[in-house]
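Report on the following structure.
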Amino acid sequence: MSIAIPASISISALNTQSTSTAGTTPTAGPIIEIQSLNLYYSEFHALKNVGMRIDPKSITAFIGPSGCGKSTLLRTLNRMNDMTKGVRINGKVAISGTNIYDTDVNVELLRKNVGMVFQQPNPFPKSIYDNIAYGPRIHGITRKSELDDIVEKSLRSAALWDEVKDYMKKSAYGLSGGQQQRLCIARALAVNPTILLMDEPTSALDPISTLKIEELIQELKDQYTIVIVTHNMQQAARVSGQTAFFLNGEVVEYAETVNLFSNPADQRTEDYITGRFG
Ligand SMILES: Nc1ncnc2c1ncn2[C@@H]1O[C@H](COP(=O)(O)OP(=O)(O)OP(=O)(O)O)[C@@H](O)[C@H]1O
Ligand SMILES: [Mg+2]
């Protein structure tokens with residue numbers, strides 16, 4: 001049972017007008033380009049011929065039932081699957097025009113450029129300050145005034161500064177779950193990435209913290225390209241400009257979020273978003 005799936009839909013072609021903002025130069029092309037991507041966990045074919053183009057400074061949501069490959073695809077975007085035994089990948093993932101699976105790619109630099117936030121907030125067992133300064137220090141920044149600036153800027157960008165500015169030396173473990181997640185976002189921002197990957201970043205949070213993170217994601221779009229995996233379809237509809245619906249490792253449909261939810265092109269998308277399965 002195989003149904004023809006368009007290898008890739010040019011989102012850039014679809015929304016040049018909606019994404020170009022007055023005063024900024026129009027984008028030259030996709031920042032992420034996935035072509036004919038296949039991923040195997042040993043014998044198991046987890047991603048099947050995935051193709052996708054993602055514009056800079058956009059928010060893309062990955063949706064689909066449990067086990068369909070959302071996290072797997074997200075992890076291919078900064079080579080987090082490299083660490084998993086038995087993984088084989090073929091096809092292409094280009095970021096800013098560079099195939100990140102080329103042998104000469106510096107994976108550390110790639111992960112600096114493509115940050116990641118996980119489902120469970122995972123601060124380090126360190127102070128709030130040291131959580132944020134950790135990445136910049138690894139990348140060679142030692143001057144205190146420079147670190148102070150980065151810490152403040154990152155915490156402001158993650159909408160956390162006002163809540164923590166007087167407690168910088170306190171353990172990050174003393175923060176609430178929602179604050180910890182914003183701290184993890186600040187930590188990712190501190191090394192100046194261009195892309196932020198978020199794997200169900202609010203699924204462990206209460207509704208108010210969830211709303212705060214959603215607002216934050218919207219604000220971050222002005223500066224970063226965001227890809228978010230979510231099980232919450234309202235969340236996908238609220239925050240994203242484009243949505244990809246996955247099933248059994250395939251992209252069934254990839255479209256502007258408003259279109260995908262209001263007028264899905266594929267029956268399987270419609271069945272999923274209307275709650276008929278998954
Ligand atoms: N390390 C691994 N080794 C073997 N199989 C794996 C591994 N990680 C994931 N898989 C399998 O690959 C498929 C896709 O998994 P993935 O975690 O990407 O799904 P997902 O869409 O993120 O699901 P969920 O919504 O539950 O997080 C599943 O069948 C899963 O069991
Ligand atoms: Mg997952």
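For ligands, and for the atoms within them, numbers begin at 1 and follow the listed sequence.
- Ring geometry, His45 versus Tyr40: the interplanar angle falls under 30°, so the pair is classed parallel (tilted spans 30 to 60°).
- Residue Gln119 does not count as close to the Mg ion (ligand 2), with no N, O or S atom under 2.8 Å.
- Thr202 and Gln235 share a side-chain donor-acceptor pair at under 3.5 Å.
- If you check the side chains of Ser240 and Thr243, you find a donor sitting under 3.5 Å from an acceptor.
- Counted by atom type alone, Tyr41 and Thr72 present one or more donor-acceptor pairs between their side chains at under 3.5 Å.
- Between the side chains of Ser71 and Asp199, at least one donor-acceptor pair of N or O atoms lies under 3.5 Å.
- A side-chain N or O of Arg75 and one of Asn81 form a donor-acceptor pair less than 3.5 Å apart.
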Short N or O separations between ligand 1 and the protein, below 3.5 Å:
| residue | atom | partner | partner atom | Å |
| --- | --- | --- | --- | --- |
| ligand 1 | 8 (N) | Tyr41 | OH | 3.4 |
| ligand 1 | 18 (O) | Thr72 | N | 2.9 |
| ligand 1 | 18 (O) | Thr72 | OG1 | 2.5 |
| ligand 1 | 19 (O) | Gly69 | N | 3.4 |
| ligand 1 | 21 (O) | Cys68 | N | 3.2 |
| ligand 1 | 21 (O) | Gly69 | N | 3.0 |
| ligand 1 | 21 (O) | Lys70 | N | 3.0 |
| ligand 1 | 21 (O) | Lys70 | NZ | 2.8 |
| ligand 1 | 22 (O) | Ser71 | N | 3.0 |
| ligand 1 | 22 (O) | Ser71 | OG | 2.8 |
| ligand 1 | 23 (O) | Gly67 | N | 2.8 |
| ligand 1 | 25 (O) | Lys70 | NZ | 2.8 |
| ligand 1 | 25 (O) | His231 | NE2 | 2.6 |
| ligand 1 | 26 (O) | Ser66 | OG | 2.5 |

